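The residues of the chain are indexed from 1 along the displayed sequence. Predicted, not measured: the structure shown is a model, and the values here were computed from it.
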Amino acid sequence: MAKRVAVVLAGCGVFDGSEIHEASAVLVHLSREGAQAEVYAPNIPQMHVVDHVKGQPTPEQRNVLVESARIARGNIKDLATLDVKGLDALIIPGGFGVAKNLSTWATQGKNCSVSKEVEGVLRAFHAAHKPIGLCCISPVLAAKIFPGCEVTVGHDTECEQWPYAKTAEAMKELGCRHVNCPVSEVHVDTKNRLVTTSAFMCNAPIHHVHDGVGKMVREVLRLA
């Protein structure tokens with residue numbers, strides 16, 4: 001039987017939702033591996049809406065579930081209905097929506113809170129020993145919820161290639177172990193069944209990001 005994988009989205013667009021290329025890569029690689037993706041998003045207002053041309057917030061108000069449905073081609077469910085029992089794994093793509101809509105990392109960093117719904121889902125998969133795939137900024141969710149876990153967001157030394165490397169330091173302060181890792185590779189925390197890859201935390205060609213996401217998907221399915 002095909003593996004059933006929950007994919008949790010945080011909106012539509014890198015600056016205020018899920019990173020579209022990462023989300024698409026997850027869905028493409030799941031399809032290629034013969035797995036069945038079931039897409040979910042929380043039915044909540046976005047923190048704000050960003051004009052992706054100007055890179056600045058607008059007065060608009062949008063809903064995370066409604067916006068995520070754009071990526072899912074309308075085939076999406078309210079995160080409140082997710083039942084871990086019928087699923088084999090969980091994957092959460094990145095994008096600032098993870099740090100704005102699924103948590104408050106964007107404004108509070110290591111002192112953030114994770115939304116109760118998202119935390120409940122992560123804890124349910126973890127308790128059931130089912131694998132969790134996280135890319136780009138989404139490993140911060142694991143760092144906050146699972147102290148002592150091992151993750152990667154790429155590198156911990158800031159430079160032109162790694163503009164968000166300070167994230168790794170904040171995660172270390174939460175008590176997790178950060179593992180430096182190239183964009184096209186993944187880190188597997190066998191104990192916690194976490195598979196992480198840096199994706200667009202790295203200033204890299206898009207096909208390298210796509211390759212890293214593919215490796216994450218394959219490792220998640222191997223563990224499922």
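- To the nearest 0.5 Å, the span separating CG on Leu134 from CD1 on Ile91 amounts to 9.0 Å.
- Minimum interatomic distance between His21 and Phe200 (heavy atoms only, all atoms of both residues): CB-CE1, 3.9 Å.
- The two atoms that bring Ser138 and Pro93 nearest to each other are CB-O, 3.9 Å, heavy atoms only.
- Side-chain atoms of His187 and His178 include no donor-acceptor pair closer than 3.5 Å.
- Going from atom NE2 of His52 over to atom SG of Cys12 covers 8.0 Å, rounded to the nearest 0.5 Å.
- Residues His126 and Asn192 have side chains that bring a donor and an acceptor to within less than 3.5 angstrom of each other.
- Remark: the backbone N or O of Ala170 is not paired with any side-chain donor or acceptor of Lys110 at under 3.5 angstrom.
- Linking ILVMFWY residues whenever their side-chain heavy atoms come closer than 4.5 Å, directly or via other members, leaves Leu122 and Met216 in distinct clusters.
- How far CG of Leu87 is from CD of Gln36: 9.0 Å, rounded to the nearest 0.5 Å.
- Remark: side-chain polar atoms of Ser103 are not paired, donor with acceptor, to backbone N or O of Val114 under 3.5 angstrom.
- The CD1 atom of Ile206 sits 9.5 Å away from atom CD of Glu22, with the distance rounded to the nearest 0.5 Å.
- Heavy-atom neighbours of Asn75 CG from other residues, nucleotides or ligands within 6.0 Å: at or below the threshold of 12.
- Val186 and Val153 fall into different hydrophobic clusters, where Ile, Leu, Val, Met, Phe, Trp and Tyr residues are linked whenever their side-chain heavy atoms come under 4.5 Å apart, directly or through other members.
- Considering every non-hydrogen atom in both Val64 and Pro42, the closest pair reads CB-O, 3.5 Å.
- Judged purely by atom type and a 3.5 angstrom limit, Arg62 has no side-chain atom pairing as donor or acceptor with the backbone of Val49.
- The closest donor-acceptor contact from the side chain of Glu33 to the backbone of Ala35 lies at 3.5 Å or more, if one exists at all.
- Asp156 is linked by a salt bridge (Lys or Arg N to Asp or Glu O under 4.0 Å) to Lys172, counting only residues two or more places apart in sequence or in another chain.
- No continuous path of ILVMFWY side-chain contacts below 4.5 Å connects Leu90 to Val220, so the two sit in separate hydrophobic clusters.
- Using modelled atom types, no side-chain atom of Ser18 and backbone atom of Ile20 make a donor-acceptor pair closer than 3.5 Å.
- Looking at every heavy atom in both residues, Ala23 comes nearest to Leu9 through CB-CD2, 3.9 Å.
- No donor-acceptor pair closer than 3.5 Å links the side chain of Lys3 to the backbone N or O of Ala89.
- A donor-acceptor contact shorter than 3.5 Å is absent between the side chain of Lys215 and the backbone of His210.
- Side-chain atoms of Asn63 come within 3.5 Å of backbone N or O of Val66 as a donor-acceptor pair.
- The NE2 atom of His155 sits 7.5 Å away from the SG atom of Cys202 when rounded to the nearest 0.5 Å.
- Lys144 places no side-chain N or O within donor-acceptor distance of the main-chain N or O of Ser113, the cut-off being under 3.5 Å.
- Val188 is connected to Val213 through a chain of hydrophobic side-chain contacts under 4.5 Å among Ile, Leu, Val, Met, Phe, Trp and Tyr, so both are in one cluster.
- The hydrophobic clustering, which links ILVMFWY residues whose side-chain heavy atoms are closer than 4.5 Å, places Val7 and Val84 apart.
- A salt bridge is absent between Lys116 and Glu119; no separation between the charged side-chain nitrogens and carboxylate oxygens falls under 4.0 Å.
- Annotation: the span from Arg73 atom CZ to Leu27 atom CG amounts to 11.0 Å, rounded to 0.5 Å.
- Between the side chain of Thr152 and the backbone N or O of Val179 there is at least one donor-acceptor pair closer than 3.5 Å.
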